[in-house]
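Everything below concerns the one structure shown next.
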There are 4 protein chains.
Amino acid sequence: MKTKDRIILGALTLFNQNGERNITTNHIAAHLEISPGNLYYHFGNKEEIINGIFDNYAQELKIRFKPMAEEDQSNMPSVQIMLSYLDSIFELMWNYRFFYANLPDILSRDEKLKQKYTQAQLALHDNLIAIMNNFRDSGLIALEDDELQALTKTLHLVASCWINYQTAQLSDKEITENIIYQGMLQMLNVVRPMATEQGREQILALEAHYRSRVAASC
Amino acid sequence: MKTKDRIILGALTLFNQNGERNITTNHIAAHLEISPGNLYYHFGNKEEIINGIFDNYAQELKIRFKPMAEEDQSNMPSVQIMLSYLDSIFELMWNYRFFYANLPDILSRDEKLKQKYTQAQLALHDNLIAIMNNFRDSGLIALEDDELQALTKTLHLVASCWINYQTAQLSDKEITENIIYQGMLQMLNVVRPMATEQGREQILALEAHYRSRVAASC
Amino acid sequence: MKTKDRIILGALTLFNQNGERNITTNHIAAHLEISPGNLYYHFGNKEEIINGIFDNYAQELKIRFKPMAEEDQSNMPSVQIMLSYLDSIFELMWNYRFFYANLPDILSRDEKLKQKYTQAQLALHDNLIAIMNNFRDSGLIALEDDELQALTKTLHLVASCWINYQTAQLSDKEITENIIYQGMLQMLNVVRPMATEQGREQILALEAHYRSRVAASC
Amino acid sequence: MKTKDRIILGALTLFNQNGERNITTNHIAAHLEISPGNLYYHFGNKEEIINGIFDNYAQELKIRFKPMAEEDQSNMPSVQIMLSYLDSIFELMWNYRFFYANLPDILSRDEKLKQKYTQAQLALHDNLIAIMNNFRDSGLIALEDDELQALTKTLHLVASCWINYQTAQLSDKEITENIIYQGMLQMLNVVRPMATEQGREQILALEAHYRSRVAASC
DNA sequence: CATGAATGAGACTTCATTCAT
DNA sequence: GATGAATGAAGTCTCATTCAT
């Protein structure tokens, strides 16, 4: 792996573990066993490293939250589709959790990054709307257009904030993958009131699935 | 006003404006036109100032989210009660927004504060549940016990994270009181699917109220 | 007791326990439960407090190391006289140990104090010579004038430095009154080679006395 | 010379001249014309610099106070051997005088250093005993085992404390190499009563040597 | 590409001392 | 005599960043 990529991955690891504020560029270099000078050869400053991490994140976001092509959908039960989206959401949230933990700070320092972030969020929003439309078209949920907009926004917010929200409530030891399954259950709770009869069955199946995973990891 | 209180208020103002990370103890002292020594006469370190701010916040939280006594309730239409709670939520969120913007960072640095925070959240949670129970008893919403728990959690999360969530989406200029009215509308959206017919009417009334305020402030 | 004296005694206690460097004027005031302003009403600065302590010390030094009048001497066996001097030396050293622990520092900061110190030492030196002369005249020790000068100087040095010397060698717990008895034994060791037969007997008696005390305190 | 070593030497110089307490890390950096950041690149804190100085001192102590191998001894008159030890003692004391001037303070702040110091003193003590045994075996001094122990301790104490003791007695101008020759004379005074006839002659020769040096430097 | 010593602004904090009451 | 809030210079240390090799 190239040094530039190693820096991005090493920084991400340390940021997630210790918070961006507590990790200096020297920490990153030491962690990778390279010199600070070398780090600054690849990145002009700390901000650029964060930008590099964000670019990876945006790339993953783009790939994962593309509404499926029709032919693919028909090959897959709706519940599977929802499952894969939920998994994606929380996997990303977990892998880049340092970012959400300091979002206002990080974005306020870097106008360029803020613009990239906003753009990514707009694209994501469109994709989420399309995805929810698919679910409605499949008869899993039933609601008006403006209700669908609102639901999507709530879901996006729950997904974006879940780890932060839980981190604050729990002790350090409890912050594990477990809170991710609980986040998924919470999202299903948000959707359930809008579900059709058919949708409700599938949601209950998913709930059972995640509940067993929570139990298993205890 | 006593210097100690001036420090707490001045620090809160600066933290909200610029982020806690970007405000040094010297900034606070200069802002209040006192010497750094004087600041440290009243607070042993920066952490203690943050603790002082938090104590104010917890105090307000306690007072505002107490379920109303029955006699008070009967004198007030339910919609007014809900209005006052919504106002409280977002006023607090706005007044102490620096805190939520850096929650993981701030709590991870100070175990004592983390415990105070957790305790305050537990008390808040109990009060929120009691308040929602009142709404159910008043026939505004209809749902099972476990659904009520889930709804309360979603509402708490939306309230806690709204400003963060929006801050990230919007440009600096747009972060004004306006986003608060949008947050209230978003919370009403979360509640609406659970509303009874009677409840729905009242929610629509509130929505109209906030929508007019948003329009007015543009 | 007057506040001024309480300050001197309180400062002495804290200095001995923690070292002068680690005790601020605020510590002293807090220890005595008075205000810093009050402390500075009685003493213009920290240096003056140290001067006050020194004056007490010099006063005690003067009283204790006066050669006895002839009539008093004849009423007291020589061994008793030596015992009382040895006790005095180490009691002073112990009570003002902070002072000797930082002698160069303290004196270099305050020319006035340095002069007082030098003067006190000169007076002490004369008294010690006189005392040793008495012992020689009593037939306890036998030596030439220049040897007597050298012996006195060695004894003075051992007494002055003993606590410092031992403090450095031992762990904190071991620094107790015990090291004082050991210091007395060391001084007797210095004198013994010069003792007459009669003197040697008395020295052995004193050694036995201190050795039993060391044993007792273990 | 490497920067790390320059820092150690520069700090030692300044500490000896002004006392460790009065020399800040900024003073050291300014003295060497390097930035404070550079100083902290090489040493994590002021304590580590003091540790570095001590390590140099301990190293010299170890080398200089090794009892001579028999073959070396036979090639050298005893008086020369004693002369070289005395020179070593006072050269070290002089070169590291700041350390002894603040021993209790410095050691109480740094447990690790205290342990290193104690260990060095134990090794030194063993070497001193061996050296004194050699002198006894060479017929320079005559005494019992326990007397030899006591004598060694007195000599160690005189050597350790001499500069402190004299510093306090004299004005700043008088604190020069001169007091070192006086210290050597004082140590000879301590040994003389135990000397054999042969030893006494050699001691007198040494005394004459140092006395002429004292005279010369006035 | 890579090293690692070096920079310097500035963060947090301490503490002897002052002064209005 | 006494209070206690206030001062401000200065000390220790950090860290993003640079640059000669």
Side-chain angles (χ1 to χ4, degrees), chain A residues 2-4 6-7 20-30 32-50 109, chain B residues 2-4 6-7 20-30 32-49, chain C residues 2-4 6-7 20-30 32-50 109, chain D residues 2-4 6-7 20-30 32-49:
Chain A
K2 294 283 180 60
T3 299
K4 190 157 187 167
R6 289 183 60 226
I7 292 171
E20 182 264 335
R21 185 180 190 168
N22 305 309
I23 294 298
T24 71
T25 48
N26 282 337
H27 283 137
I28 300 168
L32 299 171
E33 295 178 317
I34 65 174
S35 65
N38 193 6
L39 185 148
Y40 275 87
Y41 175 81
H42 292 286
F43 294 90
N45 53 43
K46 198 182 178 186
E47 215 54 49
E48 279 188 20
I49 300 175
I50 296 174
R109 267 183 284 149
Chain B
K2 296 281 180 59
T3 301
K4 190 157 187 169
R6 289 182 60 223
I7 293 171
E20 181 265 334
R21 181 181 190 168
N22 305 308
I23 294 299
T24 72
T25 49
N26 281 342
H27 286 137
I28 300 170
L32 298 172
E33 296 182 312
I34 64 175
S35 66
N38 193 8
L39 186 147
Y40 277 89
Y41 175 76
H42 292 285
F43 294 91
N45 51 45
K46 199 183 176 185
E47 213 57 47
E48 278 189 20
I49 300 176
Chain C
K2 294 283 179 61
T3 299
K4 190 157 187 168
R6 290 183 59 225
I7 292 171
E20 183 264 336
R21 183 180 192 168
N22 304 311
I23 294 298
T24 71
T25 48
N26 283 335
H27 283 136
I28 300 169
L32 298 171
E33 295 180 316
I34 66 173
S35 65
N38 194 6
L39 185 148
Y40 274 86
Y41 174 81
H42 291 286
F43 294 91
N45 52 45
K46 198 182 179 186
E47 214 55 49
E48 279 189 18
I49 300 175
I50 295 174
R109 268 182 282 150
Chain D
K2 295 282 179 60
T3 299
K4 190 157 188 169
R6 289 183 59 226
I7 292 171
E20 181 264 335
R21 181 181 191 168
N22 305 308
I23 293 299
T24 72
T25 49
N26 282 342
H27 286 137
I28 300 169
L32 298 171
E33 297 181 312
I34 64 174
S35 65
N38 193 7
L39 185 149
Y40 277 89
Y41 175 77
H42 292 285
F43 294 91
N45 51 45
K46 199 182 176 186
E47 213 56 49
E48 278 189 19
I49 300 175

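Just so we're on the same page: letters track the sequence lines, and every chain starts at 1. Hydrogens, waters and symmetry mates play no part in the numbers below; they use all other heavy atoms, side chains included.
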On DNA chain F, nearest-nucleotide positions of A:Asn45 versus D:Asn45: which is more 5'?
D:Asn45

Under 4.0 Å between a side-chain N or O of [X] and OP1 or OP2 of [N]?
X       : N      : answer
A:Asn38 : E:dT3  : yes
D:Tyr40 : F:dC13 : yes
C:Asn26 : E:dC15 : no
B:His42 : F:dG4  : no
A:Ser35 : E:dG4  : no
A:Thr25 : F:dT17 : no

Quick one: closest heavy-atom pair of D:Ile28 and D:Ile23, and the distance?
CG1-CG2, 3.6 Å

So which atom in A:Thr3 and which in A:Ile34 form the shortest heavy-atom distance, rounded to 0.1 Å?
CG2-CD1, 4.4 Å

d([atom1], [X]; [atom2], [N]) in whole Å:
X       : N      : atom1 : atom2 : result
B:Glu33 : F:dA6  : CD    : C1'   : 14 Å
A:Tyr41 : F:dA16 : OH    : P     : 22 Å
D:Ile34 : E:dG4  : CD1   : P     : 19 Å
B:Glu48 : E:dT14 : CD    : P     : 10 Å
D:Phe43 : F:dT12 : CZ    : P     : 15 Å
B:Leu32 : F:dG8  : CG    : P     : 15 Å
C:Glu20 : E:dC15 : CD    : P     : 12 Å
A:Ile49 : F:dC15 : CD1   : P     : 15 Å

Using both pair distances under 3.5 Å as the test, note the stems of at least 3 consecutive Watson-Crick or G-U pairs that include DNA chain E.
E:2-21 with F:2-21

Applying side-chain contact (heavy atoms from CB on, under 4.5 Å) to C:Lys2 and C:His42, what does each step give before you reach the verdict?
CA-CA 10 Å; C:Lys2 294 283 179 61; C:His42 291 286; over 6 Å; no

Which sits closer to the 5' end of DNA chain E, D:Leu39 or B:Gly44, going by the nucleotide each is nearest to?
D:Leu39

With nearest nucleotide decided by heavy atoms, which residue, A:Arg21 or D:Lys4, maps closer to the 5′ end of DNA chain E?
D:Lys4

Output, in order, the C-alpha distance, side-chain angles, deciding distance and verdict of side-chain contact (heavy atoms from CB on, under 4.5 Å) for C:Leu32 and C:Asn38.
CA-CA 11 Å; C:Leu32 298 171; C:Asn38 194 6; over 6 Å; no

Take D:Arg21 and C:Arg109 through the test side-chain contact (heavy atoms from CB on, under 4.5 Å) and record every step on the way to the result.
CA-CA 11 Å; D:Arg21 181 181 191 168; C:Arg109 268 182 282 150; 3.0 Å; yes

Can you tell which of F:dA16, F:dT12, E:dA16 lies closest to the side chain of A:Lys46?
F:dA16

Starting the side chain at C-beta, find the nucleotide from F:dT18, F:dA2, F:dC13 nearest to C:Thr3.
F:dA2

I'd like the C1' distance from E:dC1 over to F:dT21, given in whole Å.
13 Å

